[in-house]
**Q** 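Structure incoming, see below.
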Amino acid sequence: LVPRPPAPAQAAPTQSEPDPCEEERRRARLRSASGTGASAWLGALANRHLQTDLTHAEFTTLLRFRLGLSLDLPQLCIACKEEQDPLGHHAVVCRARPGVTTRHNALRDSMCAAFRETGLEAEIEKEVVTPGVSSRPADVFVRRDKLCIDTSVTHPGATTYLSKAANVNNYAGDDRAKTKNEKYRPRVQAMGLNFKPFVIETW
């Protein structure tokens with residue numbers, strides 16, 4: 001037998017500098033995940049009627065996302081074909097994915113169902129007509145209170161919020177609510193209605 005030549009020496013891997021954006025996202029995630037109500041879903045009983053039953057894959061994915069662990073995503077987004085990160089930051093904000101709209105509609109429908117179960121008359125995407133104006137000012141309309149509720153889901157790890165969300169609790173949610181109030185409240189009040197944004201964060 002001819003002895004095998006020794007393998008060439010390999011240089012020890014160098015430690016790369018941490019990505020500053022990932023450090024900010026880590027802090028934003030910890031602030032958001034520790035917010036009031038952010039952990040409630042972990043203790044919710046599985047109920048198909050209330051749509052709180054999760055498959056093993058769904059629960060595992062949500063938990064890994066909450067903990068900042070890799071989701072083993074492909075390098076390119078299947079929807080927009082752009083490069084995406086393995087932690088899911090791109091996946092939860094990519095508007096080319098149907099999940100963004102599905103997530104919004106699920107929140108809207110759950111809120112409407114909750115109002116109806118209490119005996120209040122609530123409608124989804126109700127068209128409100130006043131002299132010279134016809135629009136849909138709310139995702140959920142509660143007739144008794146003439147209340148228009150605008151539901152929204154926002155991600156603290158998104159570039160728009162990241163720098164401040166890493167240092168301020170609930171910054172992404174509060175900023176989105178402020179933007180919606182400034183944009184829609186005057187118009188809705190001019191129609192003789194009340195307006196309330198309902199914003200939750202992804203974590």
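Quantities reported herein were computed from a predicted structural model and do not represent experimental measurements.
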**Q** Once you round to the nearest 0.5 Å, how far does OG1 of Thr61 lie from NE2 of His56?
**A**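 It is 9.0 Å, given to the nearest 0.5 Å.
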
**Q** Determine which pairs satisfy salt bridge (Lys or Arg N to Asp or Glu O under 4.0 Å) with at least one residue from residues 59-87, sequence neighbours left out, and list them in order.
**A**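 Listed by first then second residue: nothing to list.
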
**Q** Let me confirm one number: the OG-CZ distance from Ser32 to Arg25, rounded to the nearest 0.5 Å.
**A**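 Here the interatomic distance stands at 14.0 Å.
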
**Q** Taking all atoms of both residues into account, what is the closest heavy-atom pair of Ala91 and Leu73, and its distance?
**A**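 Result for this residue pair: CB-CD1, 4.3 Å.
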
**Q** Tell me the salt bridge (Lys or Arg N to Asp or Glu O under 4.0 Å) pairs involving residues 51-63, sequence neighbours left out?
**A**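 Counting only pairs at least two positions apart or across chains, the salt bridge (Lys or Arg N to Asp or Glu O under 4.0 Å) contacts touching residues 51-63 are Arg48-Asp53.
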
**Q** Provide the full list of ring pair (Phe, Tyr, Trp, His ring centres under 6.0 Å) pairs with a residue in residues 82-104, sequence neighbours left out, each pair given once.
**A**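 For residues 82-104: His89-His155, His89-Trp203.
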
**Q** Please report the closest heavy-atom contact between Ala28 and Leu162, naming both atoms and the distance.
**A**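 The pair with the smallest heavy-atom distance is CB-CD1, 4.2 Å.
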
**Q** Which residue pairs satisfy the salt bridge (Lys or Arg N to Asp or Glu O under 4.0 Å) criterion with at least one member in residues 91-106, sequence neighbours excluded?
**A**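 Those involving residues 91-106 do not exist here.
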
**Q** Leu54 and Leu63: same hydrophobic cluster, using ILVMFWY side-chain contacts below 4.5 Å?
**A**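 They do share one cluster, since a chain of ILVMFWY contacts under 4.5 Å joins Leu54 to Leu63.
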
**Q** Are the side chains of Cys112 and Ile124 in contact, using a 4.5 Å heavy-atom criterion?
**A**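 Yes, their side chains come closer than 4.5 Å.
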
**Q** Regarding Asp139 and Thr151, do their side chains bring together a donor and an acceptor under 3.5 Å, going by distance alone?
**A**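 There is such a pair (donor and acceptor under 3.5 Å, judged by atom type) between the side chains of Asp139 and Thr151.
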
**Q** Looking at Ala33 and Ala38, what are the two nearest heavy atoms and their distance?
**A**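 Result for this residue pair: O-CB, 3.4 Å.
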
**Q** With a 4.5 Å cut-off on side-chain heavy atoms, are Leu67 and Leu69 touching?
**A**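 A side-chain contact exists here, since the closest heavy-atom pair is under 4.5 Å.
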
**Q** Any ring pair (Phe, Tyr, Trp, His ring centres under 6.0 Å) involving residues 25-45? Give me the pairs, sequence neighbours left out, ordered by first then second residue.
**A**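 Counting only pairs at least two positions apart or across chains, the ring pair (Phe, Tyr, Trp, His ring centres under 6.0 Å) contacts touching residues 25-45 are Trp41-Phe59.
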
**Q** What salt bridge (Lys or Arg N to Asp or Glu O under 4.0 Å) pairs are there with at least one residue in residues 143-166, not counting sequence neighbours?
**A**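 Residue pairs with at least one partner in residues 143-166: Glu121-Arg143, Glu123-Arg143, Asp150-Lys180.
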
**Q** List in chain and number order the residues that pass salt bridge (charged side-chain N to carboxylate O under 4.0 Å, His left out) with Arg31, two or more places apart in sequence or in another chain; answer none if no residue qualifies.
**A**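 Per chain and number, Arg31 pairs via salt bridge (charged side-chain N to carboxylate O under 4.0 Å, His left out) with no residue.
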
**Q** Only counting residues at least two apart or in another chain, list the ones meeting side-chain contact (heavy atoms from CB on, under 4.5 Å) with Ala172.
**A**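 Counting only residues at least two positions away or on another chain, Ala172 forms a side-chain contact (heavy atoms from CB on, under 4.5 Å) with Thr154, Pro156, Tyr161, Glu201.
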
**Q** Could you list who else is in Val140's hydrophobic cluster, with ILVMFWY side chains joined at under 4.5 Å, directly or through other members?
**A**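 Members alongside Val140: Leu107, Met111, Phe115, Leu120, Val142, Leu147, Ile149, Val153, Phe198, Ile200.
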
**Q** Going by side-chain contact (heavy atoms from CB on, under 4.5 Å), name the residues that satisfy it together with Pro74, two or more places apart in sequence or in a different chain.
**A**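 Ile78, Gln84.
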
**Q** Check Phe141 against Cys148 and note the closest heavy-atom contact, atom names and distance.
**A**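 It is CD1-SG, 3.8 Å.
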
**Q** Is any side-chain heavy atom of Thr52 less than 4.5 Å from a side-chain heavy atom of Leu45?
**A**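 No, side chains not in contact.
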
**Q** Going only through I, L, V, M, F, W and Y residues with side-chain contacts under 4.5 Å, is there a path from Leu193 to Phe195?
**A**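 Cluster IDs for Leu193 and Phe195 match.
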
**Q** What residues, two or more places apart in sequence or in another chain, satisfy side-chain hydrogen bond (donor to acceptor under 3.5 Å, both in side chains) together with Glu125?
**A**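 Glu125 satisfies side-chain hydrogen bond (donor to acceptor under 3.5 Å, both in side chains) with Arg108 once adjacent residues are dropped.
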
**Q** Please list, chain by chain and in numerical order, all residues satisfying side-chain hydrogen bond (donor to acceptor under 3.5 Å, both in side chains) with Asn181, sequence neighbours excluded.
**A**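 Expected list: Arg185.
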
**Q** Can you confirm whether Asn194 sits close enough to Gln189 that some side-chain heavy atom of one is under 4.5 Å from a side-chain heavy atom of the other?
**A**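 No, too far: nothing below the 4.5 Å cut-off.
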
**Q** What residue among Glu24, Glu23, Glu22 forms salt bridge (Lys or Arg N to Asp or Glu O under 4.0 Å) with Arg26?
**A**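 Among Glu24, Glu23, Glu22, the one meeting salt bridge (Lys or Arg N to Asp or Glu O under 4.0 Å) with Arg26 is Glu23.
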
